[in-house]
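Proteins come first, then strands; the chains are lettered A, B, ... in the order of their sequence lines, and each starts at number 1. All of these numbers come straight from a predicted model, not from anything done at the bench.
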There are 6 protein chains.
Amino acid sequence: MPYINIRITKEGATPEQKAQLIKGATQLLVDVLGKNPQTTVVVIDEVETDNWGIAGETVTERRKRGA
Amino acid sequence: MPYINIRITKEGATPEQKAQLIKGATQLLVDVLGKNPQTTVVVIDEVETDNWGIAGETVTERRKRGA
Amino acid sequence: MPYINIRITKEGATPEQKAQLIKGATQLLVDVLGKNPQTTVVVIDEVETDNWGIAGETVTERRKRGA
Amino acid sequence: MPYINIRITKEGATPEQKAQLIKGATQLLVDVLGKNPQTTVVVIDEVETDNWGIAGETVTERRKRGA
Amino acid sequence: MPYINIRITKEGATPEQKAQLIKGATQLLVDVLGKNPQTTVVVIDEVETDNWGIAGETVTERRKRGA
Amino acid sequence: MPYINIRITKEGATPEQKAQLIKGATQLLVDVLGKNPQTTVVVIDEVETDNWGIAGETVTERRKRGA
């Protein structure tokens, strides 16, 4: 019954890609720890680039600089 | 001063229902552990059904199948 | 399939009290939103008083002051 | 490589203010613990006032009362 | 720069298994979304079975019943 | 009434350093957004180096390599 929270910047992940993340993360817990997939929960949070920082600056700023 | 985070799929919870969740969760901590409600924080996250997975598939897919 | 995370200071909650929190939080989601209890997950985090702050100071300091 | 999650009510924080929170939180970890800012992540969650509760009521209700 | 939080019950995952979870989750974000692994963070939380509930009861109780 | 969660590896942060993080994070929210410190909560999670991964490997492995 694991709970997996994947947080990414909101930059266009498609429903298909999100379905793949959910499928893949669930399978990972089955493969490595033998967890029951039926009660494995995966939640994806998509966060605006203004609200995500790394190295002290927002991703919005980094994208403008081409980083 | 507990912090309670309730994560649910975004499927139409009303402001009244959310107020009830907040009231009920706060009262639960008072009743069971004698916590001070004045500093008890409850945060509800509503997550798109595309972003919530269980049993390796998204809730969107499950709803389509009638699950 | 809600996920509820209850974070409290580690100050002696018993297994019975924690079982009550889990039962009560699950029931709350059934009562207010009609959620399925079978896939409702509740996780309790107990946090050392040195690691929990409110009003800019640790709970350890507050307890010493009798706050 | 710390991860810092700042959760606030959604009440008009500007991109500049959010950039300041990210810069300040990153610097705090450098100053206090000597952490590497390059791998320090800060994520800000802005939560609707209907979804945030304190003292058993929503922030929406508190704002109406002028609290 | 994704952040992935894997929460499991504390039931004997080895350092090797945890290393596999970290490697696998990081690779999943590379494969599905082309994310940079260098700034991908994975944090595993192991939670006592007394503190994890599903279907309204603790995992400790479920394990006793053989569930 | 912000909630701030600081997650770091468990590598010897002292109670004094943790008190500084709590004080500093609370002050940051006052300075940038004018938040009320009385209801600002800061929670520090210290995570074993086996349980923290970056760039696909655990911090334990990185420390061994001198990274």
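Contact between E:Q38 and F:I54 at its shortest, heavy atoms only, is O-CG1, 3.6 Å.
In this structure the side chain of F:N51 reaches within 4.5 angstrom of the side chain of E:E46, judged on heavy atoms. Side-chain atoms of E:V41 and F:W52, non-hydrogen and from C-beta on, do get closer than 4.5 Å to each other.
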Between F:R7 and E:D45, is the side chain to side chain contact (heavy atoms under 4.5 Å, CB included) condition met? List the steps.
CA-CA 11 Å; F:R7 312 201 88 188; E:D45 294 321; 2.8 Å; yes

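Between the OG1 atom in F:T58 and the CD atom in E:E16 there is a gap of 9.5 Å [rounded to 0.5 Å].
Of the listed residues (E:I6, E:I4, E:T26, E:I22), the greatest number of heavy-atom pairs within a distance under 4.5 Å of chain F belongs to E:I22.
The backbone N or O of E:P15 lies less than 3.5 Å from no partner atom in the side chain of F:D50, so there is not a single donor-acceptor pair.
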